[in-house]
Amino acid sequence: SRGSGHMTTAESTIVALRAQVRRFLAEELAAGSFRPSCDCWVRGHSPDFSRKLGDRGWLGMTWPRAYGGGARSARERFTVLEELLAAGAPVAAHWIADRQTGPLLLRVGTERQKRTLLPGLARGRLFVAAGMSEPDSGSDLASVRTRAVRTATGWRVSGRKVWTSHAHKSHYLLTLVRTAPPGGDRHAGLSQMLIELDSPGVHVRPIEVMTGEAHFTEVTLDDVDVPADMVVGAVGDGWRGVMSELAHERSGPERYLSTFPLFAELVSGPTAPGATALADIGSAAARLWALRALSLRVQDLLERRSPTDTAAALVKDLGTRLEGEIVDIARRACRPGPAGGGPLPTLLREAQLAAPSFTLRGGTNEILRGVVARGLGA
Ligand SMILES: Cc1cc2nc3c(=O)[nH]c(=O)nc-3n(C[C@H](O)[C@H](O)[C@H](O)COP(=O)(O)OP(=O)(O)OC[C@H]3O[C@@H](n4cnc5c(N)ncnc54)[C@H](O)[C@@H]3O)c2cc1C
């Protein structure tokens with residue numbers, strides 16, 4: 001149906017929602033509730049801010065109402081995400097839960113898990129960390145050695161996870177563990193389970209990064225008892241669960257907007273870029289726009305549950321490289337150092353220190369190119 005002017009109803013909804021989010025962000029900025037930062041979806045941890053988003057219905061937006069969601073479209077969710085990221089708002093506390101854990105529970109969770117967990121995730125009251133990587137298992141995730149053995153009431157888990165973002169500030173760890181020996185198929189015998197992070201035997205050690213912050217951690221699981229009903233999906237089917245999360249994990253606007261606050265400041269801040277920088281900025285803007293189109297397309301496919309692994313891997317490979325290039329453009333434009341005041345020096349410093357992680361987290365770019373090559377029939 002057609003709305004006002006030449007807009008469809010769906011388009012008018014997006015325009016109104018975008019205005020609403022921008023208003024909220026302007027008010028929050030004016031109230032001093034956050035300072036725009038680069039890499040805000042990893043380093044901007046604010047349970048308070050996440051609660052405000054939850055109260056406005058901006059978390060779990062696409063989930064069914066029966067589980068506390070908003071039953072809204074993927075495009076509406078995308079609109080909220082890109083506005084939050086472009087503003088550099090502190091969204092890290094709920095990011096994994098909203099992006100991955102909720103969709104996973106909706107796909108393979110039990111009715112009880114959905115009813116008890118999803119409303120808390122959608123209200124920004126419950127936070128989840130992703131416990132996949134281990135000291136010797138990153139790219140080759142199927143080699144995880146954390147083990148779960150059966151007990152009378154569930155499972156006893158032992159092992160070590162690393163690079164676990166925000167485990168020291170989350171309620172649950174969604175953990176990939178080995179529940180049976182691999183046998184001939186190394187993807188068999190893996191399971192996912194939700195572990196309460198205050199359970200006896202869980203030890204979380206924050207790991208300091210170059211900025212001096214500690215957003216990720218090492219988690220040691222020392223004979224941790226996990227009730228049987230905390231297994232997510234069928235026992236032994238964990239690999240499929242992890243794989244089903246990947247397209248969600250790799251395709252969103254956070255894969256090309258981590259340095260957008262820096263880019264925006266470079267374009268519209270007080271430091272006037274020279275002619276070379278302007279050409280670089282134009283090229284980056286054009287590529288940002290193309291990546292946005294690709295990312296949107298992937299969200300549509302995900303909504304229809306169509307296969308999107310190749311396109312999702314492309315978003316992340318191209319997007320994370322562009323995020324890094326934006327740092328280089330800003331650095332060249334600001335040589336010998338940003339003039340004047342304003343937030344540019346701080347944004348540049350934090351973007352530069354975060355940049356090495358862009359092409360690592362969520363699967364390295366070398367691995368992603370393998371995914372793309374295979375998807376194209378190589
Ligand atoms: C900021 C940040 C946050 C993170 N948060 C989390 C989190 O919350 N939860 C979690 O579970 N993990 C997290 N990680 C871990 C991340 O998923 C891993 O770092 C990533 O999967 C790579 O694994 P690795 O570090 O073991 O590197 P490795 O797998 O050891 O790779 C090292 C190098 O070898 C290359 N390589 C490896 N295998 C191949 C191959 N087959 N072909 C070609 N090249 C190859 C890689 O591309 C890379 O350059 C995070 C990482 C970062 C940087």
Side-chain angles (χ1 to χ4, degrees), residues 37-45 91-101 104 127-146 157 159-178 186 190 192-195 197 202 204-221 232 238-239 241-243 245-246 248-250 252 254-255 258-259 312-313 316-317 319-321 323-324 327 350-374 378:
S37 92
C38 285
D39 218 23
C40 63
W41 62 279
V42 174
R43 57 192 296 274
H45 193 284
V91 291
H94 64 265
W95 200 262
I96 301 278
D98 178 71
R99 178 180 74 183
Q100 286 162 246
T101 322
L104 176 74
F127 304 129
V128 184
M132 290 188 258
S133 308
E134 297 187 1
D136 295 313
S137 303
S139 302
D140 183 17
L141 196 56
S143 67
V144 291
R145 285 186 295 193
T146 295
V157 182
R160 199 146 61 98
K161 296 286 171 183
V162 78
W163 318 129
T164 321
S165 299
H166 300 301
H168 51 328
K169 297 174 182 172
S170 299
H171 302 94
Y172 288 95
L173 181 70
L174 181 65
T175 322
L176 181 68
V177 299
R178 188 154 278 294
R186 54 202 299 276
L190 294 167
Q192 282 191 288
M193 39 188 81
L194 278 163
I195 299 181
L197 279 159
V202 177
V204 183
R205 182 179 69 84
I207 301 173
E208 199 174 291
V209 294
M210 281 194 286
T211 54
E213 300 159 307
H215 58 68
F216 53 27
T217 65
E218 178 185 57
V219 182
T220 308
L221 303 163
V232 180
W239 187 254
V242 170
M243 290 300 113
E245 287 171 57
L246 287 182
H248 290 270
E249 190 180 343
R250 292 176 171 166
E254 73 273 30
R255 298 305 183 178
S258 301
T259 53
K316 187 174 179 293
D317 180 27
T320 52
R321 279 192 285 150
E323 293 177 327
V327 181
E350 61 197 20
Q352 195 158 352
L353 291 175
S357 71
F358 297 164
T359 55
L360 291 174
R361 58 193 186 200
T364 69
N365 285 33
E366 290 75 20
I367 298 298
L368 295 173
R369 284 175 214 164
V371 171
V372 173
R374 268 198 307 282

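As the structure lists them, so they are numbered: ligands from 1, and atoms in each ligand from 1. Counting from 1, the numbers follow the sequence of the chain as shown.
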request  = Taking atom CH2 of W239 as the centre, report whether more than 12 heavy atoms of other residues, nucleotides or ligands fall under 6.0 Å from it.
outcome  = yes
query = Between R178 (side chain) and S143 (backbone), is there a donor-acceptor pair under 3.5 Å?
reply = no
task = Heavy-atom cut-off of under 4.0 Å around ligand 1: list whichever protein residues fall inside it, by chain and number.
result = A130, M132, S133, G138, S139, W163, T164, S165, H215, F216, S357, L360, R361, G362, T364, E366, I367
task = Please say whether more than 12 non-hydrogen atoms of neighbouring residues, nucleotides or ligands are located less than 6.0 Å from CZ in R145.
result = no
inquiry  = Is it true that, when you exclude R160 itself, more than 12 heavy atoms of the residues, nucleotides or ligands shown sit nearer than 6.0 Å to its CZ?
reply    = no
task = Of all the heavy-atom pairs spanning G363 and L368, show the shortest one and how long it is.
result = O-CD1, 3.8 Å
request  = Report the relative orientation of the aromatic rings in H166 and H45; use parallel for angles under 30°, tilted for 30 to 60°, perpendicular for over 60°.
outcome  = tilted
